[in-house]
Amino acid sequence: MKHYQYRIKGEPVVIHAVEHTEDLDGFRTFVRRNLKCLSADSETTGLDTYSATNRLRLVQFGTPAEAWVIPVEHGGEFAEDVRRTLRAVKRMVIHNASFDLQVWDRHLGVRLEELWPKVLDTKVLSHLIDPRGQDEGGTGQSLEALTARYIDSQTADEAKGLMTRLAKEHKTTKNRIWSLIDVDHPDYVLYAGMDTILAARLARMLAPLVPVSARPLIRYEHEVAEACSVMERNGFLLDVDYALGLSARLQGEEQAAREIAAGLGCDNANSTEQVANALEARGVTISGRTEKGKRKVDKVLLERLAGQGDELARAVIDAKKAAKWRSTWVDKFLANMDSDGRCHASINSLRARTARMSITGIPAQTLPSGDWKIRRCFVADVGHLIASVDYQTQELRVLAALSKDRRMRAAFAAGADLHQITADAAEVARGVGKATNFTYVYGGGAKAVAETAGVPVAVARKVIAGFEKSYPQVAGYSLRLQHIAARQGYITTPTGRRLPVDRSRAYSALNYMVQSTSRDVTCRGILRLYKGGYGPYLRLPIHDEVVASIPAHKSAWGAAEIGHLMAEDMDGVHIGTDPEVTGFSWGHGYMDEEERLLHVR
DNA sequence: TCGTGACGCACC
DNA sequence: AAACGGTGCGTCACGA
């Protein structure tokens, strides 16, 4: 048994490090005394919870003044005591609970469903107080930044410095120190214990700072996080043979393209500088410049040159694409999969300033959609099919509900084609109307519309004017939001969420409102699915879409049920869904008929 | 050898 | 007067 003293702004705190089973008596007394509420945290060998080599090393429990660190790595009675404690505590404060709950689920066998209902996640509180990141003028959501802002900057620095110093001492990197450091190293134990003390203090500090309007969101965001953590635990089955084949093919394509590029004077197609030099050596003039004044060599330029017959441009495009597809997607899937061949995404259910989610691990939000080959890597469970259900023009319907624009609402009620209406108002093609609708909601002007729709700026101006004439109350709504934002620095969504709006970019208020409210539509749908027993079938949420793996023998029924549960009326505007059973792989939804016939299981 | 900024590119 | 919102990630180039 060891005890470490530390001071936070002069106040003494103590960290008890359990070493022997006899030490557990003191720990049990501590738990009994604080059964009502404890903070908790864990230290693992890494963030890859589902990999075969990942281990749980420490579990820590704390109060604002005291922490106990249990070396669960030793197993036996230590692990058993932690299990009992996790189950017995009435309320648990955790910073980013999704991570720890999955760790305990995987390594201790305590199901995350059992623990989520009693968790208070300080990261959730922090986001509801200020969703901005550190580089956006906010505090960010990291424990370190929150400690510096709300508790004590010196403590934050010292806690952070501990592990950096340990890594240096052990001549290793910050990423590797977690698995190498002795489980009873004083600095490691101090660091581990401090985190729970800080989380316990943060909970007290942050809870009263959540705006009254956002209080109901506390429960709701914990439930959304729970549903997402179940999806993470489920994982998405990888078609290993297909992925290996695709990887090999991409490697061959990249190699071939690189050889051509090298023959034409460019050794590294990934280096914009080298490509620019090689192109100029061939007599190409590069007029575009980046923000920092460098020669701009992007896909637009390269495609144009390739279209004119430039072989180097073509080779560079091919080499870059094959390399990116292999390294960013396929090889990453193969590296990430667990021993059952499943990939576990990491879903940050409350991420952006607008509360939009982000997904890493499987970067599901950014997989190519124009080509099925990458998504084809992911398949339904045995005996299942993939169902994909998305909302129909979610953001525009949300805009109709929010702005109360009579004509937009009437158009949706009548089942009219909003993109066509916008197009007709300016007598342009439907595609131009569609691009304008989206770009307008993104806060774009004539220049942006011209860019995305591929029309001259003069035409873009006309289409925007047509949009505003078609839906006169939308522009008024945008202005009202801008005024509110200018007055108080933030706007409040229908769910009570505060969205800070930078005064220099007041025009983005409309987009923030629509994006955030749409996110909440999807989240409510996810919660209905989760509470309706669909948790085991859910795979990924992607903005306005949910992907699921459902038993094949009732897949059509299942997809329709999912669509039903997700659909909702918002202030009289129906936000409906398009359920689709794609096939045995996710990619099947992006194939044509002929391709589907070639890909059978 | 590491961390970081710039760039480009994938998506809704 | 006009205003492109929100993400993740790989590579290169550079400085500590």
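So that the names make sense, note that chain A is the first sequence line, chain B the second, and so on, each numbered from 1.
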Look at all strands and tell whether Ser369(A) reaches a base, only sugar-phosphate, or nothing, counting heavy atoms closer than 4.0 Å. sugar-phosphate
Check the phosphate of dA10(B) against Lys299(A), side-chain N and O only, distance under 4.0 Å to OP1 or OP2. Yes or no? yes
Considering all heavy atoms, the nearest Ala276(A)-Arg295(A) contact: CB-CZ, 3.5 Å
Just how far is it from atom CZ of Arg314(A) to atom CG of Leu264(A), taken to the nearest 0.5 Å? 13.5 Å
Ignoring backbone atoms, test whether Lys332(A) places a side-chain nitrogen or oxygen under 4.0 Å from the OP1 or OP2 oxygen of dC9(C). yes
Students often get this wrong, so: under 4.0 angstrom with heavy atoms, is Arg519(A) touching a base, only sugar-phosphate, or nothing? nothing
NA contact type, Lys324(A), heavy-atom cut-off 4.0 Å: base, sugar-phosphate, or nothing? base
Can the ring centres of His419(A) and Phe438(A) be said to be less than 6.0 Å apart? yes
Would you tell me if any nitrogen or oxygen in the side chain of Arg375(A) comes within less than 4.0 Å of OP1 or OP2 on dC11(B)? no
What's Leu510(A) touching, base or sugar-phosphate or nothing? Going by heavy atoms closer than 4.0 Å. nothing
Ignoring backbone atoms, establish whether Thr272(A) has a side-chain N or O less than 4.0 Å from OP1 or OP2 of dT11(C). no
Under 4.0 Å, counting only non-hydrogen atoms across every strand here, what does Thr452(A) touch: a base, just sugar-phosphate, or nothing? base
Return the 5'-most residue of the pair Arg353(A), Ala506(A) with respect to DNA chain C, ranking by each residue's nearest nucleotide. Ala506(A)
Asp267(A) CG - dT11(C) P separation (whole Å): 18 Å
When rounded to the nearest 0.5 angstrom, what is the spacing between OG1 in Thr45(A) and CG in Asn54(A)? 4.0 Å
Would you call Leu402(A) and Met570(A) a side-chain contact if the rule is heavy atoms closer than 4.5 Å? yes
Could you tell me the separation between the NZ atom of Lys292(A) and the C1' atom of dG5(B), rounded to a whole number of Å? 8 Å
Which part of the nucleic acid, if any, lies within reach of Gly133(A) when heavy atoms closer than 4.0 Å are counted: base, sugar-phosphate only, or nothing? nothing
Kindly give the heavy-atom pair with the smallest separation between Thr577(A) and Met566(A), and that separation in Å. CG2-CB, 3.9 Å
Counting only side-chain heavy atoms from C-beta out, which of dG6(C), dT11(C), dC7(B) sits nearest to Asn270(A)? dT11(C)
Residue-phosphate contact under 4.0 Å: Arg351(A) side-chain N/O, dT7(C) OP1/OP2: yes
Would you jot down, in residue-number order, the residues of residues 440-451 of chain A having a non-hydrogen atom under 4.0 Å from DNA chain C? Tyr442(A), Gly443(A), Gly444(A), Gly445(A), Ala446(A), Lys447(A), Ala448(A)
Under-4.0 Å side-chain N/O to phosphate OP1/OP2 contact, Tyr507(A) with dG5(C): yes
Is the shortest side-chain N/O distance from Arg176(A) to OP1 or OP2 of dC2(B) below 4.0 Å? yes
In whole angstroms, the gap separating C1' of dC4(C) from CE of Met513(A) amounts to 19 Å
Closest to the Ser271(A) side chain: dC12(C), dG8(C), dT7(C)? dC12(C)
Arg505(A) side chain near dG5(C) phosphate (N/O to OP1/OP2, under 4.0 Å): yes
Quick one: is dC12(C) close enough that its OP1 or OP2 comes under 4.0 Å of any side-chain N or O from Asn268(A)? yes
Show your reasoning for whether side chain to side chain donor-acceptor pair (under 3.5 Å) applies to Gln255(A) and Glu259(A). CA-CA 6 Å; Gln255(A) 190 58 35; Glu259(A) 277 164 21; 3.1 Å; yes
For Gln365(A) and dG6(C), what is the distance between atoms CD and P respectively, to the nearest whole Å? 14 Å
Answer with yes or no after comparing the ring centroid distance for Phe378(A) and Trp329(A) against a 6.0 Å cut-off, counting only values under it. no
Please state how far atom CG in Leu479(A) lies from atom P in dA3(C), giving the value in whole angstrom units. 15 Å
Give the rounded distance in Å between these two atoms: CG of Asn511(A) and P of dT7(C). 10 Å
Taking 4.0 Å as the cut-off, does a side-chain nitrogen or oxygen of Ser327(A) come that near to OP1 or OP2 on dG10(C)? no
Whole angstrom is fine here: how far is it from CG in Leu367(A) over to P in dC9(C)? 11 Å
Leu350(A) has an atom CG; how far is it from atom P of dG6(C), in whole Å? 16 Å
First of Pro363(A) and Thr354(A) reached from the 5' end of DNA chain C, by closest nucleotide: Thr354(A)
Determine the contact category for Phe438(A): base if any of its heavy atoms lies under 4.0 Å from a base atom, sugar-phosphate if only primed atoms, P, OP1 or OP2 are that close, otherwise nothing. nothing
Give Lys296(A) one of three labels, base, sugar-phosphate or nothing, depending on what nucleic acid heavy atoms sit under 4.0 Å from its own. sugar-phosphate
Does a donor on one side chain sit under 3.5 Å from an acceptor on the other, for Asp338(A) and His344(A)? yes
